[in-house]
Amino acid sequence: KAGVTQTPRYLIKTRGQQVTLSCSPISGHRSVSWYQQTPGQGLQFLFEYFSETQRNKGNFPGRFSGRQFSNSRSEMNVSTLELGDSALYLCASSLARDVGWDEQYFGPGTRLTVT
Amino acid sequence: GDSVTQMEGPVTLSEEAFLTINCTYTATGYPSLFWYVQYPGEGLQLLLKATKADDKGSNKGFEATYRKETTSFHLEKGSVQVSDSAVYFCALSDRSGGGADGLTFGKGTHLIIQP
């Protein structure tokens, strides 16, 4: 079974631009979560999507948004890029069981550099 | 809010040495606890987990015990190998509020094993 895939793997953008990152979850997984990883702040939860709806959200400004499609694939968008948005963006998928603990499987990430 | 504290390192050990990476947490509910590992250029992989107090998670020679009384989940391995060199993240998931809440991560511990 293929793992979580993220595209593109590397991206360079200029301040003020916007960017869209893509994530394809493991087949059969219904939940997709996004995380930002930076040297200063570490790994921080952005948001989680389930059945095309944002189910949970971390503490990030409205410039960060996402969506999920009917095939569970997800995109995240960052508008008006700032230098501080330079980070590794990780996507994770899970089965989203109704009860109990739910293992998240991570993709390799998209490395975004803002200049 | 929830938080995870772990030693950041880098931690440098010789091959076959004993490893301990400390992790303590703060959570309002009854969290599940995890150790993730990140190899260079890759996403996160789940190493082990414990979903309730006194549970012991184990995998690939690594162990960690969920200690509710000390709010700790220390990672141990009896004899490390060069291939264990990576960044290790302690994390928690507090689902007491319902839904698939995002993982809360520690800052990560960079482990370097020298031959």
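Note on naming: letters A, B, ... go to the chains in the order of the sequence lines (proteins, then strands), and numbering restarts at 1 for each one.
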| field | In one Ile/Leu/Val/Met/Phe/Trp/Tyr side-chain cluster, 4.5 Å: A:Phe50, A:Leu46 | value | no
| message | According to a hydrophobic-cluster definition based on side-chain heavy atoms being under 4.5 Å apart (Ile, Leu, Val, Met, Phe, Trp, Tyr only), do A:Phe69 and A:Val32 belong together? | response | no
| request: Pull out the residues in residues 105-115 of chain B that come under 4.5 Å of chain A, heavy atom to heavy atom, sorted by number. | output: B:Phe105, B:Lys107
| message | Non-hydrogen contacts under 4.5 angstrom with chain B: give the residues of residues 73-90 of chain A involved, or none if there are none. | response | A:Leu88, A:Leu90
| Do B:Leu44 and B:Leu48 belong together in a cluster built from hydrophobic side chains that touch within less than 4.5 Å? | no
| field | Residues which pass ring-ring contact (aromatic ring centres under 6.0 Å, His included) with A:Phe64, listed by chain and number, not counting sequence neighbours | value | A:Phe60
| request: State whether the number of non-hydrogen atoms from other residues, nucleotides or ligands found under 6.0 Å of B:Glu16 atom CD is greater than 12. | output: no
| said: Looking at A:Arg15, I'd like to know if its CZ atom is crowded, meaning that more than 12 non-hydrogen atoms belonging to other residues, nucleotides or ligands lie closer than 6.0 Å. | reply: no
| query | Which atoms of B:Gln38 come close to chain A, meaning under 4.5 Å heavy atom to heavy atom: side chain ones, backbone ones, both, or neither? | reply | side chain
| said: Do B:Phe73 and B:Tyr36 sit in one hydrophobic cluster, given that two such residues count as connected whenever their side-chain heavy atoms are within less than 4.5 Å of each other, even indirectly? | reply: no
| request: Go through A:Gln41, A:Gln37, A:Gln6, A:Arg9 and name the one with the most non-hydrogen pairs under 4.5 angstrom from chain B. | output: A:Gln37
| Are more than 12 heavy atoms from other residues, nucleotides or ligands located less than 6.0 Å from atom CG of A:Asn71? | yes
| field | A:Leu43 side chain near B:Thr104 side chain, heavy-atom distance below 4.5 Å | value | no
| said: For residues 106-115 of chain A, give me every residue with a non-hydrogen atom less than 4.5 Å from any non-hydrogen atom of chain B. | reply: A:Phe106, A:Gly107, A:Pro108
| query | Does one hydrophobic cluster hold both B:Ile21 and B:Leu33, with members joined at side-chain heavy-atom distances below 4.5 Å? | reply | yes
| Considering residues, nucleotides and ligands other than A:Lys57, do more than 12 of their heavy atoms fall under 6.0 Å from its NZ? | yes
| task | State the CD-CG distance between A:Glu48 and B:Leu103, to the nearest 0.5 angstrom. | result | 10.5 Å
